[in-house]
There are 2 protein chains.
Amino acid sequence: MTEHPPAKARRGRPRQAEVARLAGVSQTTVSLVLGGNKQGIVLHPDTRARVLEAAKELGYVPDPAARRLAAARNNLLGVFSFTATFPTAVEHSYYPFLVGVEQEAAVHGYDLVLFTGSSSGGAQAGTSGALERVRLADGCLFLGRHVPADELRRLVEHGYPAVHIGRRDELEGLAWVGADYVEASAEVVRRLAELGHRRVVLVREDDDAPASTDRERGVREALDAAGLDATDAVVRAADPATDITADWLRGRLTEGVTAFVAEETDTGAAWRALLAAVEDAGLDAPADLSLALLGSPPADLAERPEPTGFDIPRAELGAAAVRALTTLLATGETESPLVACAFRPGNTAGPAPAP
Amino acid sequence: MTEHPPAKARRGRPRQAEVARLAGVSQTTVSLVLGGNKQGIVLHPDTRARVLEAAKELGYVPDPAARRLAAARNNLLGVFSFTATFPTAVEHSYYPFLVGVEQEAAVHGYDLVLFTGSSSGGAQAGTSGALERVRLADGCLFLGRHVPADELRRLVEHGYPAVHIGRRDELEGLAWVGADYVEASAEVVRRLAELGHRRVVLVREDDDAPASTDRERGVREALDAAGLDATDAVVRAADPATDITADWLRGRLTEGVTAFVAEETDTGAAWRALLAAVEDAGLDAPADLSLALLGSPPADLAERPEPTGFDIPRAELGAAAVRALTTLLATGETESPLVACAFRPGNTAGPAPAP
DNA sequence: ACTTCTCGCTAATCCGCATTAGCACCGAAA
DNA sequence: TTTCGGTGCTAATGCGGATTAGCGAGAAGT
């Protein structure tokens with residue numbers, strides 16, 4: 001007869017109201033005890049204890065959405081990647097970031113929300129508003145070579161705390177953490193120069209991601225600094241697999257090029273192409289020519305000779321990103337640190353062959 | 001003087017209320033137009049158009065927190081692993097699950113919250129109530145060989161939607177998805193029998209995880225079915241590295257054993273020990289004896305000959321787990337599917353040597 | 001002309017939590 | 001006895017949107 005709502009009784013997670021009932025206090029009090037009580041309202045220790053016990057007994061956990069809505073924070077950090085976060089194919093590329101992110105987030109008491117849908121055409125991938133969902137979290141990390149700049153800009157302009165993993169200063173006000181590709185790439189070229197190489201070629205993808213342009217810049221700067229010829233020193237290959245062939249390689253060799261440097265990308269296409277071309281040409285590195293990789297080799301090429309180049313401290317970058325984000329959340333201060341990469345001697349580069 | 005709140009006026013994004021004002025309709029109408037309008041309420045096309053235009057003009061984007069709050073579900077799935085979710089060392093063991101989980105979650109429009117045994121709330125890690133944190137998500141996936149059964153039971157009894165990756169029927173009411181280790185292991189043994197092996201030994205860890213006992217069962221069943229001698233057919237090695245030696249191997253060989261099967265575990269210890277013993281004994285597989293691995297080889301052993309055995313469809317398992325969880329959330333129905341493993345011919349097993 | 005129906009739209013609530021205002025009580029000061 | 005100042009707690013409200021109940025007005029039926 002009466003319209004009692006007991007049907008909802010055991011439905012879903014316990015609310016503060018239920019904790020309140022069990023503890024014999026008001027919902028407000030529960031909120032005060034469980035939330036920070038930043039208002040400095042005085043509560044009797046016994047009440048406090050009762051509430052805590054009731055909450056534990058019921059297994060109460062605050063609803064993150066409600067917390068956010070009430071203009072508070074929910075201790076959730078988002079991670080949004082523009083290429084799938086767990087892509088089968090490029091396994092090794094992004095995973096290490098998460099290692100660092102996860103650890104550092106734990107240190108700061110945050111849980112991680114992985115925003116999916118960026119990957120694998122999920123429920124609403126590609127939708128123009130897809131980025132907005134990250135607002136559920138207190139702040140968010142963004143990851144990927146290509147990022148929808150306008151959407152991200154909107155978030156940032158509205159004051160949403162965001163940190164990009166990877167340099168990205170063209171986007172005013174966006175905090176980021178980046179690897180110092182310029183310096184790391186320059187160092188690789190300097191080493192090659194020291195080994196006697198007078199002409200070096202960089203093979204990069206035909207793409208203007210900061211990660212690529214930074215590497216090119218480093219290479220060019222080092223060439224300049226060493227007084228080397230930078231003519232045709234950079235090759236943009238739209239499709240490395242077809243552009244970088246044994247013939248092409250021989251051609252460059254006859255021009256006096258003795259060292260080839262490839263940039264690392266998600267797919268490692270440039271490096272793969274280079275290795276294939278060298279093999280096809282029946283040549284050997286580092287005997288006939290030197291090779292270097294501006295980054296880490298793809299996982300499936302692990303058994304190949306270790307490439308000369310540098311390692312990107314991915315876990316460290318992930319951790320730095322979390323630190324930047326928590327700082328942003330706490331103080332509102334934007335910081336964009338540049339993390340150094342470690343030179344990796346490897347064994348694909350050697351002294352330049354005598355002319 | 002007056003305590004007007006205009007400070008918040010131009011703050012942040014537009015609300016539905018503002019869109020409504022601009023379009024000259026009510027907030028409800030805006031919600032109807034912009035939201036799904038699952039109620040099938042009839043709206044005039046013109047009204048609809050006006051609202052859409054107003055929304056576009058203002059650049060309206062719904063607040064995900066509010067949306068989720070009103071919907072009484074936050075579209076979050078938890079992933080809880082009892083070993084760190086992102087362990088650098090055992091990288092390959094759990095990672096593939098996540099690949100499948102992430103993709104399938106995206107398909108269903110869920111985002112992921114990552115909980116790890118270690119992190120779970122930096123503030124109060126290790127607390128016995130650590131598991132309660134997962135209640136933050138609509139439902140949760142559990143992952144790991146060893147799981148605190150009583151804590152999990154509490155959650156399940158409270159009606160919390162949980163799915164375990166890996167068979168686990170001893171826990172009444174818990175849904176799980178598992179690989180069919182019994183059948184897969186049996187098949188491996190059947191193949192060995194077909195190759196003429198009359199005595200087969202399984203090397204397993206001294207541990208009662210379902211994943212181990214299932215494999216043993218499959219092996220025993222296949223031995224029985226083939227009418228083979230199952231005496232001493234199973235060896236429990238607390239520490240495979242010291243128990244499985246070249247001497248031990250020779251001993252078994254003289255007893256007539258011609259094939260050795262190892263189970264796969266996080267560390268791959270049993271398989272490693274077996275390989276080492278064979279090498280130490282100066283023997284060769286598959287010439288002198290046959291080897292098989294009930295699972296996939298550890299990543300660092302990739303360059304070794306491909307083990308005969310089976311592959312665990314980890315990504316598929318992850319995806320199946322998400323499907324089971326979403327079904328549980330939607331219909332309340334618990335399902336526990338068993339996913340088949342694919343036999344991997346490999347090249348460590350061959351015909352039994354003539355006696 | 002009077003009841004019924006749609007059709008189109010809106011007022012009122014609720015979701016779960018945080019915050020604001022303020023109430024009831026009690027001992028101390030006047 | 002009245003007033004005052006804490007102390008300890010709660011009612012009420014709002015965040016932004018989804019949902020439910022239901023209200024006018026014109027069309028249709030009788």
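In what follows, every chain begins at residue 1, and chains take the letters A, B, ... in the order their sequences are listed. It should be emphasised that the depicted structure is a prediction, and the values quoted were computed from it without experimental measurement.
Remark: A:R135 engages A:E132 in a salt bridge, criterion side-chain N to carboxylate O under 4.0 Å. A salt bridge is absent between A:D46 and A:R48; no separation between the charged side-chain nitrogens and carboxylate oxygens falls under 4.0 Å.
A donor-acceptor pair under 3.5 Å links the side-chain atoms of B:D138 to the main chain of B:N74, judged by distance alone. Between the side chain of A:S336 and the main chain of A:W176, a donor-acceptor pair closer than 3.5 Å is present. In terms of modelled atom types and a separation under 3.5 Å, the side chain of B:T29 and the main chain of B:V25 share no donor-acceptor contact.
Applying the salt bridge (Lys or Arg N to Asp or Glu O under 4.0 Å) rule to pairs touching residues 55-67 of chain A yields A:R13-A:D63, sequence neighbours excluded.
The side chain of A:R67 contributes an N or O atom lying less than 4.0 Å from OP1 or OP2 of C:dA18. A close approach under 4.0 Å does occur between a side-chain nitrogen or oxygen of B:Y60 and OP1 or OP2 of D:dG17. For C:dC9, the OP1/OP2 oxygens have a side-chain nitrogen or oxygen of B:T47 closer than 4.0 Å.
The CG-C1' distance, from A:L32 to C:dT20, rounds to 11 Å in whole Å. One interatomic measurement links the two molecules: CG of A:L69 to P of C:dC14, which rounds to 16 Å at whole-angstrom precision. If you take CZ of A:R21 and C1' of C:dC17, they are 15 Å apart, rounded to a whole angstrom. Note: CG (A:D63) to C1' (D:dC15) measures 13 Å, nearest angstrom. Taking atom CZ on B:R135 and atom P on C:dG16, their separation rounds to 14 Å, with Å as the unit. In this structure, A:R73 atom CZ and C:dA18 atom P are separated by 13 Å, rounded to whole Å. Rounding to whole angstrom units, CZ of residue B:R48 and P of C:dC7 are separated by 17 Å. The nearest whole Å value for the distance from the CG atom in B:L43 to the P atom in C:dC9 is 6 Å.
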Give every pair of a protein N or O atom and an N or O atom of nucleotides 23-27 of chain C that lie under 3.5 Å apart, one pair per line with the distance.
none

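Here C:dA21 is the nucleotide among C:dC17, C:dA21, D:dG16 with the atom lying nearest to any side-chain atom of A:I41. Among D:dG17, C:dG8, D:dG16, the nucleotide with an atom closest to any side-chain atom of B:H44 is C:dG8.
Near DNA chain C, meaning a heavy atom under 4.0 Å from it, residues 22-29 of chain A has A:Q27, A:T28 in order of number.
The 5' end of DNA chain D is approached more closely, in terms of each residue's nearest nucleotide, by A:P45 than by the other of A:P45 and B:L34.
Residues that satisfy the salt bridge (Lys or Arg N to Asp or Glu O under 4.0 Å) test with B:E170, not counting sequence neighbours, are B:R168. By the salt bridge (Lys or Arg N to Asp or Glu O under 4.0 Å) test, B:R68 pairs with B:D111, sequence neighbours left out. For A:R73, there are no salt bridge (Lys or Arg N to Asp or Glu O under 4.0 Å) partners at least two apart in sequence or on another chain.
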